[in-house]
Visitor: 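I have a structure here, written as structure tokens, and I will follow up with some questions on it.
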Amino acid sequence: MEKTFSQWKKQCLNKLDLSKKGSVDEDIANIVSLLNGREEYFTTSSCSGRVTLIDRAAGSSDIHKQNCVWLFVSHQKCTPEDLMCGVARSSGDAVFKFEPLVLHLQCRRLDDAQLMHSVAVNSGFRNSGLTVSKTGKVITAVRSTHGLEVPLTHEGKLLVEDEYIHFLAQIANQKMEENLRRIHRFYQNLQSALTKEKPQKLPIPNPPIAQKPQDNQLETERAEEPTEEEQQRKNTSVYKRRRKREQHHRADCCHGDSLVPDLDDSLDLFA
């Protein structure tokens, strides 16, 4: 699978550009270069967004490029004069279209395609999707929904007023500006997603053994407990202090207010 993807990429990038323009659009050249420089991706087709005026046979529902006449095409903003000159040359049914960015790229793995899809959706291209072919090709399509398609002529006859042509050009230019903002956002998000380092798995330390803290705690408690000799000395000291207080108390009770007469007073009674 890895060898097959490399072969597909080499063949695709070496073949000629068969688009009408023949080269990558300037507004997405940095995106295409970034993707083709990665091992996981390569672009198969792209368009930065464009304004077109296509003339098809009257009454025909076939709007394929090879069956139509290009009256006007631009990958930049348009003017009302551009559209007026185009419809003036119409001999069938002219249709004005604004098409936002379309980017197709092949991905090495499904995970790579999912990453690209996430970046596209978060950048505003909410019509994006991915497919897997029977041969194992994983393709991501980056697309948006803010397109515009309006018929302007029928059998060469203009269906709208000139004022509407001016209004249509203004709306298309607003959509083109929004398209360019989304392209810029997509490029920034793409750079961030592709250059982001994978988080390293740090080794998880072993949990502390519960027995050791308990032993330390018991040793601390034992260290705080007094020895038998210290306890006996402490009890003796407490007993002596208590005995001394009792003797002092008794001495206080027998002094001053005692009802027992002193020996000298008793002898005076017999004098």
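Only this structure's heavy atoms are used, side chains among them; waters, hydrogens and symmetry mates stay out. Keep in mind that this is a model prediction, so the values were computed, not measured.
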Visitor: Quick one: does Thr43's side chain have a donor or acceptor within less than 3.5 Å of a partner on Ser45's backbone?
Guide: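 Judged by distance alone, no pair lies under 3.5 Å.
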
Visitor: Mind listing the closest non-hydrogen atom pair of Asp25 and Ser48 along with its distance?
Guide: OD2-N, 2.8 Å

Visitor: Between Val73 and Val51, is there a side-chain heavy-atom distance shorter than 4.5 Å?
Guide: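 No, side chains not in contact.
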
Visitor: For a 4.5 angstrom cut-off between non-hydrogen side-chain atoms, does Leu105 reach Thr44?
Guide: no

Visitor: Kindly check if the number of other-residue, nucleotide or ligand heavy atoms within 6.0 Å of CD (Glu39) is above 12?
Guide: no

Visitor: Evaluate the side-chain proximity of Arg108 to Ser6: yes if any heavy-atom separation is below 4.5 Å, no if none is.
Guide: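 They are in side-chain contact.
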
Visitor: Would you sort out whether Ile139 and Leu130 count as a side-chain contact (heavy atoms from CB on, under 4.5 Å), showing the intermediate values?
Guide: CA-CA 5 Å; Ile139 305 294; Leu130 56 92; over 6 Å; no

Visitor: Do the side chains of Leu53 and Val95 get nearer than 4.5 Å, heavy atoms only?
Guide: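 In short, these two side chains do not touch, never coming nearer than 4.5 Å.
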
Visitor: Ignoring hydrogens, what is the shortest heavy-atom contact between Ala141 and His104? Give both atom names and the distance.
Guide: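 Closest heavy-atom pair between Ala141 and His104: CB-CD2, 3.6 Å.
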
Visitor: If you measure from CG on Leu194 to CZ on Arg38, what distance do you get to the nearest 0.5 Å?
Guide: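 Going from the CG atom of Leu194 to the CZ atom of Arg38 covers 4.5 Å.
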
Visitor: How many angstroms lie between atom NZ of Lys77 and atom OG of Ser74, to the nearest 0.5 angstrom?
Guide: 11.5 Å

Visitor: Let me see the working for Asn30 and Ser33 under side-chain hydrogen bond (donor to acceptor under 3.5 Å, both in side chains), right down to the final yes or no.
Guide: CA-CA 5 Å; Asn30 52 355; Ser33 177; over 6 Å; no

Visitor: Is there a side-chain contact (heavy atoms from CB on, under 4.5 Å) between Thr153 and Val160? Walk through the geometry before answering.
Guide: CA-CA 8 Å; Thr153 68; Val160 297; over 6 Å; no

Visitor: Are Arg126 and Thr145 close enough, and set up right, to give a side-chain hydrogen bond (donor to acceptor under 3.5 Å, both in side chains), and what steps lead you there?
Guide: CA-CA 7 Å; Arg126 302 187 181 279; Thr145 57; over 6 Å; no

Visitor: With rounding to the nearest 0.5 Å, note down the distance linking OH in Tyr41 to CZ in Arg109.
Guide: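 Between atom OH of Tyr41 and atom CZ of Arg109 there are 8.5 Å.
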
Visitor: Run the side-chain hydrogen bond (donor to acceptor under 3.5 Å, both in side chains) test on His166 and Gln170 for me, step by step, so that the C-alpha distance in whole Å, both residues' side-chain angles and the decisive distance to 0.1 Å come before the verdict.
Guide: CA-CA 6 Å; His166 284 73; Gln170 180 182 359; over 6 Å; no

Visitor: Give, for atom OG of Ser144 and atom CG of Asn127, the distance between the pair rounded to the nearest 0.5 Å.
Guide: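 Going from the OG atom of Ser144 to the CG atom of Asn127 covers 7.5 Å.
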
Visitor: Quick one: sort the His146 and Phe98 rings into parallel, tilted or perpendicular, breaks at 30° and 60°.
Guide: tilted

Visitor: Does some side-chain heavy atom of His117 sit less than 4.5 Å from a side-chain heavy atom of Val121?
Guide: yes

Visitor: Any donor-acceptor pair under 3.5 Å linking the side chain of Asp55 with the backbone of Ser90?
Guide: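 No, the answer is negative, given that no donor and acceptor are paired below the 3.5 Å cut-off.
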
Visitor: Can Val69 be reached from Met84 by stepping across I, L, V, M, F, W or Y side chains whose heavy atoms are under 4.5 Å apart?
Guide: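 Same cluster: Met84 reaches Val69 through Ile, Leu, Val, Met, Phe, Trp or Tyr contacts under 4.5 Å.
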
Visitor: Would you name the heavy atoms of Asp93 and Glu155 that are closest together and state the gap between them?
Guide: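 For Asp93 and Glu155, the tightest heavy-atom pair comes out as OD1-N, 3.0 Å.
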
Visitor: Any donor-acceptor pair under 3.5 Å linking the side chain of Arg143 with the backbone of Val102?
Guide: no

Visitor: Would you mind reporting whether Phe72 and Thr52 have side-chain heavy atoms less than 4.5 Å apart?
Guide: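 Sidechains of Phe72 and Thr52: no contact.
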
Visitor: Salt-bridge test for Arg50 and Glu99: reply yes if a basic N is under 4.0 Å from a carboxylate O, no otherwise.
Guide: yes

Visitor: Just by modelled atom types, is the Cys68 backbone N or O under 3.5 Å from a matching donor or acceptor in the Arg56 side chain?
Guide: no

Visitor: Can you measure from CD1 (Ile54) to CZ (Phe96) and round to the nearest 0.5 angstrom?
Guide: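 Reported value, rounded in 0.5 Å steps: 11.0 Å.
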
Visitor: Taking the six-membered ring for Trp and the single ring otherwise, decide whether the centroids of Phe42 and Phe5 are under 6.0 Å apart.
Guide: yes

Visitor: Please name the pair of heavy atoms, one in Ala29 and one in Val24, separated by the smallest distance, quoted to 0.1 Å.
Guide: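 Looking at all heavy atoms of both residues, the closest pair is CA-CG1, 3.9 Å.
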
Visitor: With no hydrogens and no angle check, is any side-chain donor or acceptor of Ser128 less than 3.5 Å from a backbone partner on Ala120?
Guide: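 Judged by distance alone, no pair lies under 3.5 Å.
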
Visitor: So, Asp82 and Thr79: side-chain donor and acceptor under 3.5 Å apart, yes or no?
Guide: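 Yes, side-chain donor-acceptor contact under 3.5 Å.
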
Visitor: Sub-3.5 Å donor-acceptor pair from the side chain of Thr195 to the main-chain atoms of Gln191, do we have one?
Guide: yes

Visitor: Distance check, rounded to the nearest 0.5 Å: Arg185 atom CZ versus Arg181 atom CZ?
Guide: 8.0 Å

Visitor: Is any side-chain heavy atom of Leu190 closer than 4.5 Å to one of Met116?
Guide: yes

Visitor: Taking the side chain as everything from C-beta on, heavy atoms only, tell me whether Leu103 gets closer than 4.5 Å to Leu35.
Guide: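 They are in side-chain contact.
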
Visitor: Check whether any side-chain N or O of Asn122 sits under 3.5 Å from a backbone N or O of Val119 as a donor-acceptor pair, and report yes or no.
Guide: no

Visitor: Hey, are Glu178 and Lys175 close enough for a salt bridge, meaning a charged N less than 4.0 Å from a carboxylate O?
Guide: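 Answer for the salt bridge query: no.
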
Visitor: Which pair of non-hydrogen atoms, one from Ala169 and one from Leu83, has the smallest distance, and what is that distance?
Guide: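 The pair with the smallest heavy-atom distance is CB-CD1, 4.1 Å.
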
Visitor: What are the two closest non-hydrogen atoms of Leu115 and Ala193, and how far apart are they?
Guide: CD1-CB, 4.1 Å

